[in-house]
Protein chains: 2
Amino acid sequence: MVVTSRDVAKLAGVSQPTVSRALRDDPRLSAATKERVRKSAERLGYVPSDVGRALSSGRTRRIGLLLTDLENQFYPHIIAPAHHQLESRGYHLMLHTESADNEVVAERLISHGLDGVILATSTIDSVVPLRLRDRGLPFVYFNRTSLGVHADSAVVDPTQGMEQAAEALVDRGHRRIAGIFGPANTSTALDRELALREALAHHGISIPGHYVHRGPFDTATGYDGTQQLLRLPEPPTAILCGNDVVAFGALNAARVAGVDVPGDVSIIGFDNLPTASWPIIRLTTIAYDLDAMVRRAADLLIQRIEKPDLPFEKASFPSRLVVLDTLGTAS
Amino acid sequence: MVVTSRDVAKLAGVSQPTVSRALRDDPRLSAATKERVRKSAERLGYVPSDVGRALSSGRTRRIGLLLTDLENQFYPHIIAPAHHQLESRGYHLMLHTESADNEVVAERLISHGLDGVILATSTIDSVVPLRLRDRGLPFVYFNRTSLGVHADSAVVDPTQGMEQAAEALVDRGHRRIAGIFGPANTSTALDRELALREALAHHGISIPGHYVHRGPFDTATGYDGTQQLLRLPEPPTAILCGNDVVAFGALNAARVAGVDVPGDVSIIGFDNLPTASWPIIRLTTIAYDLDAMVRRAADLLIQRIEKPDLPFEKASFPSRLVVLDTLGTAS
DNA sequence: CTCAGATGTGCATACGTATGCGATATACTA
DNA sequence: TAGTATATCGCATACGTATGCACATCTGAG
């Protein structure tokens, strides 16, 4: 039914191993033989089976990208650069979207025979990294890291961005500043909150408890948090959001509440998604080089796969404030 | 190094095939043996190798989803339902994002040993369907279809939605109606354009050539097209866009041009993406049940895989107009 | 003319699992 | 008690490719 290397071998008058070697351009074979094999392969429409290859070689050249919540606008933007970087280095991307982070997911990743995994939605208490480590399956943290299991990582350093944001806010007279952060079990949420608090502290400002909301990195979190903040007797004049998607929710809540942005309240995001700079949105946000970060994560993982004994590396990417229309002076 | 079924067999004091059967709950084995094997497997942390399983059984239970351009807001929304539907039927989703549609892509799909493929970004002249058919690899068209190769498909019927849009426009006094459609080599672009033209014809309206733009289903197409339309000596009072993403671009162009929506021009999209109903956007658009369509595509493909001889089926999903804020009366 | 070295190819086997079929033991029937 | 059916499991092998090693052929030097 399906054409195998044996069929090609028969047609070319060589052995099956010779077909294998010829198509992978083994230097020990003569040019004439290679050519003959190639011709035969093409004539039969032969396509090597990755499954056979994987079983025999013990490597699949496939790398998993573990995500939750692809509907979140953030994640799709890491797929294309990851795909390209991996392809350019001879690996294939295999996307796994799982809503949970548990033993089943870990088993699934292991059973697929991946050469490595990029973890993009780890929580600090994820179980997946533990299982992968036990199994000896290489992985890299992207964006978020986990506690307990050390590994290579590519992350954002929110410090500079938050310092610039704090300064920009203070310069415009803001003192009542609120934060709608991500889930408390993610490293990104914690890092950003800490960076913001430290930056504000330099200006003698702190964020009181009733100005703090936390939740998943989605629009609902931004919407609900903003709705509640705007109802306070003394609402904040600025809201810093855990990421752009949260900020979009905040913009929506402000619109529904009839509150002008940035006239009545300023809103700042994080990630600088393409959507943020749409003319109908023009969100002020904190930017970093997402593509470079993705490529770095891919490279770190491949390095780990090919040279397992190197020390772990943490690649940190700087951030900066991008001022568009949702930042104004305090009323 | 890695635990195999043989290791489990040795520990449980049975043969390797017995391990295979026990873990897949073969009714021929005694409950006692199964239990003993399960215990041993757990103790060793055994995870069956998909690679070995695939080679032996000839099936991977993996289904590919072929996409281009994941950065387009539309595509991420089909991944989650596809994933869930396939998992519920014992298959795994493997995402393939390719920028092109060519022989290389087809070979890649074939070599991966997939059991089937969902084609979500076919053009009418795609080569992939040809190769898959030649290879006997089952596939289903999602959303877009291709000419030449017949197969199962799940698509939108734009007729009702376009009729409702035409009526809504005419009722509001619109006569100068423009269209920014998708690429001329996609079935969706053609279907929608045709449906719109027919619907308008019922009201005695036609779309003149200078009111028509075409391009990829992205924001740039909507932006550029709208920019040009608004510059015309007699600009249209309404613009119907090939999909929501194009419409977002149109909204952006109107904003930059200082043109009020819907005061000066009405804009209508297609797809009803979550973003379309954001309070800061509130795009009037044509909706359909995207999730159901995805699930149907998955089911059709699985049916094709498991019962290859059934006649091809075309699942068509109705559409309807959702009126929000970007539709107004003609000025 | 012989032999070391280089070059090119085949043989045997391994990878991990699934499955047809046969073997053994047990239960049941007449 | 013999024979048949049933339950339970192992043996042998297949799946498609890669790779260590042996073998054969050829080249060129001494």
Side-chain angles (χ1 to χ4, degrees), chain A residues 1-38 40-41 44-62 90 107 110-115 135-137, chain B residues 1-38 40-41 44-62 90 107 110-115 135-137:
Chain A
M1 171 86 194
V2 168
V3 181
T4 74
S5 59
R6 256 179 267 272
D7 302 322
V8 177
K10 194 172 295 175
L11 179 62
V14 297
S15 71
Q16 176 270 323
T18 297
V19 173
S20 168
R21 288 192 253 256
L23 296 180
R24 281 173 310 116
D25 210 31
D26 191 309
R28 301 183 308 171
L29 294 195
S30 71
T33 304
K34 283 182 192 171
E35 190 49 31
R36 198 148 34 90
V37 171
R38 260 194 282 269
S40 305
L44 295 178
Y46 169 68
V47 178
S49 154
D50 276 4
V51 176
R53 181 170 287 177
L55 187 60
S56 180
S57 68
R59 296 175 315 135
T60 58
R61 299 199 76 81
R62 277 200 296 253
E107 280 213 1
I110 291 168
S111 76
H112 276 74
L114 302 167
D115 286 355
R135 192 69 183 197
L137 180 52
Chain B
M1 172 84 196
V2 169
V3 181
T4 74
S5 57
R6 254 178 270 270
D7 302 323
V8 177
K10 193 171 297 175
L11 180 62
V14 298
S15 71
Q16 175 270 324
T18 297
V19 173
S20 168
R21 288 192 251 255
L23 296 180
R24 281 172 312 115
D25 209 29
D26 190 309
R28 300 185 309 169
L29 294 194
S30 71
T33 304
K34 283 182 192 172
E35 191 47 33
R36 198 149 34 89
V37 170
R38 260 195 283 267
S40 305
L44 295 177
Y46 170 68
V47 178
S49 155
D50 276 4
V51 176
R53 181 170 287 178
L55 187 60
S56 180
S57 68
R59 294 176 317 134
T60 57
R61 300 199 76 81
R62 277 201 295 254
E107 281 213 2
I110 292 168
S111 77
H112 277 75
L114 302 167
D115 285 354
R135 193 68 182 199
L137 179 53

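Letters A, B, ... are given to chains in the order of the sequence lines, protein chains preceding strands, and every chain is numbered from 1. Atom set for the values below is all heavy atoms of this structure, side chains included, hydrogens, waters and symmetry mates excluded.
Computed from coordinates, the B:L23 CG to C:dT19 P distance equals 14 Å when rounded to whole Å. If you measure from atom CG of B:D7 to atom P of C:dG16, you get 9 Å, rounded to the nearest angstrom. Going from atom CZ of A:R61 over to atom C1' of D:dA18 covers 14 Å, rounded to whole Å. Atom CG of B:D115 is separated from atom C1' of D:dC15 by 14 Å (rounded to the nearest Å). Between the CZ atom of B:R59 and the P atom of D:dG16 there is a distance of 15 Å, rounded to whole Å. Rounded to whole angstrom, the span from the NZ atom of A:K10 across to the C1' atom of D:dG16 amounts to 14 Å. Rounded to an integer number of Å, the gap from A:I110 CD1 to C:dT17 P is 13 Å. Between the P atom of D:dC15 and the CD atom of B:Q16 lies a distance of 16 Å, rounded to the nearest Å.
Of the side-chain N and O atoms in A:S57, none sit less than 4.0 angstrom from OP1 or OP2 of C:dC15. Contact between the side-chain N/O atoms of B:S49 and the OP1/OP2 oxygens of C:dG16 is not found at any separation under 4.0 Å. Taking side-chain N and O atoms only, A:S20 has no distance below 4.0 Å to OP1 or OP2 of D:dT17. Using a 4.0 Å cut-off, no side-chain N or O of B:S56 falls inside it from OP1 or OP2 of C:dA18. Within the structure, a side-chain polar atom (N or O) of A:S5 is placed less than 4.0 Å from OP1 or OP2 of D:dT17.
Residues B:L11 and B:V8 have side chains not in contact (no heavy-atom distance under 4.5 Å, counting atoms from C-beta outward). Residues A:V19 and A:R6 form no side-chain contact, since every pair of their non-hydrogen atoms from C-beta on lies 4.5 Å or further apart. Looking at heavy atoms from C-beta onward, B:R62 lies out of side-chain contact with B:H112 at the 4.5 angstrom threshold. In this structure, A:T60 and A:D50 have side chains that are not in contact, with every pair of non-hydrogen atoms separated by 4.5 Å or more.
Side-chain contact annotation: B:S40 with B:R36, donor-acceptor N/O pair under 3.5 Å absent.
Comparing atom distances between the B:T4 side chain and each of C:dT17, D:dG10, C:dG8 picks out C:dT17 as nearest. Closest contact between the side chain of A:L29 and the listed nucleotides C:dT9, D:dC15, C:dA18 involves C:dT9.
Contacts of A:R28 with the nucleic acid, taken as non-hydrogen atoms under 4.0 Å apart, include base atoms. Heavy atoms of A:V14 sit under 4.0 angstrom from primed sugar atoms or phosphate atoms, though from no base atom.
In this model, no side-chain donor or acceptor of A:R21 finds a partner on the base of C:dG8 within 3.5 Å.
Here the closest non-hydrogen pair linking B:E107 and A:V47 is O-CG1, 3.6 Å.
With B:S57 contributing its side chain and B:R53 its backbone, the two residues share a donor-acceptor pair below 3.5 Å. Side-chain atoms of B:R59 never come within 3.5 Å of backbone atoms of B:D115 as a donor-acceptor pair (strictly under, hydrogens ignored).
Mapping A:T18 and B:R53 onto DNA chain C via the closest heavy atom, the residue that lands nearer the 5' end is A:T18. Position along DNA chain D of the nearest nucleotide to B:K34 versus B:L55 favours B:K34 as the more 5'-ward residue. Summary of the strand contacts: B:R6 and A:R24 both lie near DNA chain D, and taking for each the nucleotide with the nearest heavy atom, the more 5' one is attributed to B:R6.
Inter-axis angle, ends of the helix from C:dC1-D:dG30 to C:dA30-D:dT1, five pairs per end, rounded to 10 degrees: 60°.
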